[in-house]
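Below: the structure, in structure tokens.
What you see below is based on every heavy atom in this structure, not just the backbone, and it leaves out hydrogens, waters and symmetry mates. In what follows, residues are counted from 1 in the order of the sequence shown.
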Amino acid sequence: MLADQRQTQRKSVNIVLNKYIHGQPHLCCAVNLSRGGMLLRRVFEPDQLHHAVVLEFQLPGSERVLRAEGMALLGSPGGRSCGVRF
């Protein structure tokens, strides 16, 4: 089994957000969040390789819309989850 290589603590969240792939928004849900990235559960998203993404979301209790650029981490094709590193 591989050792956990995360360098920052994660916080469990349940946030619906837009993940922009090649400029097109796709619905997904954030499962956890840290200073270094997010784990996303795919909802409606094409099964295609992509690297650079833009995330658009609101933190619980905030009206402010945040946008963050990140790199999608490789996952299994057709997998239900995707990591994004900020």
Side-chain angles (χ1 to χ4, degrees):
M1 182 177 278
L2 296 174
D4 188 351
Q5 298 179 11
R6 293 176 184 94
Q7 297 178 3
T8 57
Q9 191 173 23
R10 295 173 289 161
K11 172 80 173 154
S12 293
V13 294
N14 186 14
I15 301 171
V16 177
L17 56 96
N18 284 317
K19 176 181 175 186
Y20 287 83
I21 302 170
H22 304 297
Q24 298 296 314
H26 301 281
L27 184 67
C28 62
C29 296
V31 176
N32 67 46
L33 172 67
S34 73
R35 285 179 172 238
M38 276 185 170
L39 178 63
L40 305 175
R41 186 177 336 112
R42 296 175 182 186
V43 177
F44 297 111
E45 180 178 319
D47 193 19
Q48 64 185 30
L49 288 176
H50 56 277
H51 300 289
V53 296
V54 174
L55 306 176
E56 186 176 68
F57 59 97
Q58 290 177 282
L59 294 174
S62 174
E63 295 294 322
R64 185 174 174 197
V65 176
L66 302 173
R67 289 177 62 93
E69 294 184 31
M71 296 299 293
L73 304 177
L74 292 178
S76 61
R80 302 254 331 154
S81 298
C82 172
V84 175
R85 180 175 292 147
F86 299 138

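Linking ILVMFWY side-chain heavy atoms closer than 4.5 Å, directly or via other members, places V54 and L59 in two distinct hydrophobic clusters.
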task: Output, in order, the C-alpha distance, side-chain angles, deciding distance and verdict of side chain to side chain contact (heavy atoms under 4.5 Å, CB included) for L17 and M38.
output: CA-CA 11 Å; L17 56 96; M38 276 185 170; 4.0 Å; yes
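Sequence neighbours left out, the pairs with a member in residues 50-71 that pass salt bridge (Lys or Arg N to Asp or Glu O under 4.0 Å) are E56-R67. Within the structure, no pair that satisfies the salt bridge (Lys or Arg N to Asp or Glu O under 4.0 Å) test touches residues 28-41, not counting sequence neighbours. A salt bridge (Lys or Arg N to Asp or Glu O under 4.0 Å) check over residues 12-34, counting only residues at least two apart or in different chains, returns the pairs K19-E45.
Every residue meeting the side-chain contact (heavy atoms from CB on, under 4.5 Å) condition with V13, not counting sequence neighbours, appears here in chain and number order: K11, I15, A30, L33.
Nearest heavy atoms, C28 versus L40: SG-CD1, 3.9 Å. Closest heavy-atom contact between A68 and F57: CB-CE2, 4.4 Å. Between A52 and M71, the closest heavy-atom pair is CA-SD, 4.1 Å. Here the closest heavy-atom approach between residue G70 and residue V84 is recorded as CA-CG1, 3.9 Å.
In this structure, L55 CG and N18 CG are separated by 9.5 Å, a value rounded to the nearest 0.5 Å.
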